[in-house]
Amino acid sequence: MNLLAADDERMSDVYNSGPDCAGIRTFFKLPYSKDITEDLDIIVSGIPFDTLTTARPGTRLGPTAIRAAYIGNTYNPDLKVDTGAVINAIDWGDIPVYNGNTKESFDSIADHIASFAGNGAIPITLGGDHSMAFAELMGYKKVYDKLAIVHFDSHSDTGYHPVDPEAPFDHGTPFYDAITHDCVDTEHSIQIGMRGLLPDKETHAFAHNAGMDMLTATQAHKLGIDGVAKAIRKKVGNAPVFVTFDIDFLDPAYAPGTGTPEGGGFTTWEAFEMLRKGFLGLNIKGFDLVCVNPTYDICGVTGMAAARVAFEFMSLIACKKAGITEYKGFQADF
């Protein structure tokens with residue numbers, strides 16, 4: 001008997017129906033695979049990189065925490081789609097990074113994202129500090145040229161302080177870096193949730209002058225979920241779009257495990273609804289979820305919130321494949 005083959009067969013069953021504590025930890029029990037085939041809809045990967053964090057380190061542990069979070073099942077009762085039945089997805093594991101060596105790490109991230117996207121899959125990446133978004137967009141540029149971005153965060157990440165020429169990148173500059181490297185379709189890009197304290201009133205000027213829209217947290221709260229969703233759809237239109245979600249978009253009450261928490265944020269439900277109403281049917285090319293820091297988490301609540309946000313995004317991809325184009329919110333099944 002081939003014991004390795006038997007083990008592989010048993011592990012395949014564990015991914016789909018085994019206990020959460022058994023087998024290799026993968027996102028939502030997806031098959032762990034390094035095989036990138038043309039029939040894949042989604043490739044999930046981790047980016048355990050936090051070299052460029054300027055506040056509280058620990059987000060290199062984020063991908064593990066998200067994969068370890070309680071996952072439940074794969075049917076989304078709100079969007080009415082069974083992701084497990086509709087999409088073909090794998091968890092590729094972690095993209096090789098070299099904490100302490102930014103250039104090699106960024107090159108690796110860009111090359112892997114280009115490989116995933118170049119095969120027609122939609123990458124879902126789990127971070128890691130937000131600096132990785134610049135490397136991801138450099139990878140997408142190889143396949144799609146510029147992408148629109150929709151950026152959920154409490155910080156604009158378009159530069160907030162002078163940088164050392166010897167160390168020009170950090171987790172507060174990824175979208176400054178991406179725009180200056182011509183990776184972003186700013187005409188169709190929008191940032192949502194900004195509420196961090198600023199060194200001066202000009203801090204957001206680069207984002208505005210580049211052509212991106214911005215909804216601060218106060219503006220988004222006043223607009224409400226439907227207003228934010230309409231702003232996203234109006235700005236993005238049919239443009240190919242990359243969605244980047246910093247977990248500190250959520251209020252620290254719902255996501256305490258992050259490096260730079262800011263009060264006045266959003267609930268998990270508000271985030272789900274903004275994703276559902278804002279992105280259903282759009283031309284989505286990629287998604288990342290960043291800045292989960294389990295060293296500051298409480299009972300794993302941040303990891304659980306992050307896993308569910310990423311699952312909502314996976315559900316949107318399943319909806320598009322299944323031809324589901326409408327979401328009305330609550331619909332009674334009785």
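Note that the structure is a prediction, hence the values are computed from the model and not measured. We count residues from 1, following the sequence as given.
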Testing the basics here: between [X] and [Y], what is the closest heavy-atom pair and its distance to 0.1 Å?
| X | Y | answer |
| --- | --- | --- |
| A310 | F27 | CB-CZ, 3.6 Å |
| P294 | G58 | CD-O, 3.8 Å |
| D35 | I90 | O-CD1, 3.6 Å |
| I66 | G127 | CD1-O, 4.4 Å |
| G303 | D297 | N-OD2, 3.3 Å |
| A217 | G264 | CB-O, 4.0 Å |

Test of understanding: with side chain to side chain contact (heavy atoms under 4.5 Å, CB included), list the residues that count as partners of [X], not counting sequence neighbours.
| X | value |
| --- | --- |
| K146 | D182, D185 |
| K234 | none |
| V143 | A114, A117 |

Between R60 and D129, is the salt bridge (Lys or Arg N to Asp or Glu O under 4.0 Å) condition met? List the steps.
CA-CA 7 Å; R60 69 182 65 184; D129 75 51; over 6 Å; no
Regarding [X] and [Y], is there a side-chain donor-to-acceptor distance under 3.5 Å anywhere?
| X | Y | answer |
| --- | --- | --- |
| Y327 | E273 | yes |
| T244 | H130 | yes |
| S315 | N76 | yes |
| T258 | D248 | no |
| T74 | D82 | yes |
| T37 | D39 | yes |
| Q191 | D213 | no |
| T218 | T216 | no |

Heavy-atom side-chain proximity of Y176 to D157 below 4.5 angstrom:
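They are not in contact (no side-chain heavy atoms under 4.5 Å apart), so the answer is no.
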May I ask you to decide if [Y]'s main-chain N or O and [X]'s side chain share a donor-acceptor pair within less than 3.5 Å?
| X | Y | result |
| --- | --- | --- |
| N99 | P48 | yes |
| K277 | F272 | no |
| K34 | W92 | yes |
| R233 | G278 | yes |
| K320 | L282 | yes |
| T53 | A55 | no |
| K321 | V86 | yes |
| S189 | I149 | yes |
| K235 | E187 | yes |
| T158 | F175 | no |

Does atom [atom1] of [X] have more than 12 heavy-atom neighbours from other groups under 6.0 Å away?
| X | atom1 | answer |
| --- | --- | --- |
| F311 | CZ | yes |
| D145 | CG | yes |
| K222 | NZ | no |

In terms of hydrophobic clusters joined by side-chain contacts under 4.5 Å, are [X] and [Y] together?
| X | Y | answer |
| --- | --- | --- |
| Y144 | I109 | yes |
| M194 | L215 | no |
| L223 | M214 | no |

Salt bridge check, K103 against D107: does any charged N sit closer than 4.0 Å to a carboxylate O?
yes
Looking at K29 and D91, does any basic side-chain N land under 4.0 Å from a carboxylate oxygen?
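No, no charged N to carboxylate O under 4.0 Å.
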Find out whether the Lys NZ or Arg CZ of R56 is both under 6.0 angstrom from the six-membered ring centre of Y296 and within 45° of the ring's axis.
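Satisfied, under 6.0 Å and within 45°.
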Less than 6.0 Å separating the ring centroids of H204 and H155?
no
Does the ring centre of F287 sit less than 6.0 Å away from the ring centre of F242?
no
Let me see the working for R195 and D251 under salt bridge (Lys or Arg N to Asp or Glu O under 4.0 Å), right down to the final yes or no.
CA-CA 11 Å; R195 61 187 187 275; D251 191 88; 5.4 Å; no
Intermediate values then yes/no, ring pair (Phe, Tyr, Trp, His ring centres under 6.0 Å), H151 and F245
CA-CA 6 Å; H151 172 205; F245 194 105; 9.6 Å; no
Would you please classify the geometry between the [Y] ring and the [X] ring as parallel, tilted or perpendicular, with 30° and 60° separating the classes?
| X | Y | result |
| --- | --- | --- |
| H221 | F266 | parallel |
| F152 | F249 | perpendicular |
| H112 | F116 | perpendicular |

When rounded to the nearest 0.5 Å, the distance separating SG of C319 from CD of E312 is 9.0 Å
Going from CG on N293 to CG on D50, what distance comes out if it is rounded to the nearest 0.5 angstrom?
7.5 Å
Other than L61, what residues sit in its cluster of Ile, Leu, Val, Met, Phe, Trp and Tyr side chains whose heavy atoms are under 4.5 Å apart, directly or through others?
none
Could I get the full list of side chain to side chain donor-acceptor pair (under 3.5 Å) partners for T59, not counting sequence neighbours?
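Listed in chain order: nothing, the list is empty.
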Quick one: side chain to side chain donor-acceptor pair (under 3.5 Å) pairs with a partner in residues 114-125, sequence neighbours left out?
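Qualifying pairs: T125-E136.
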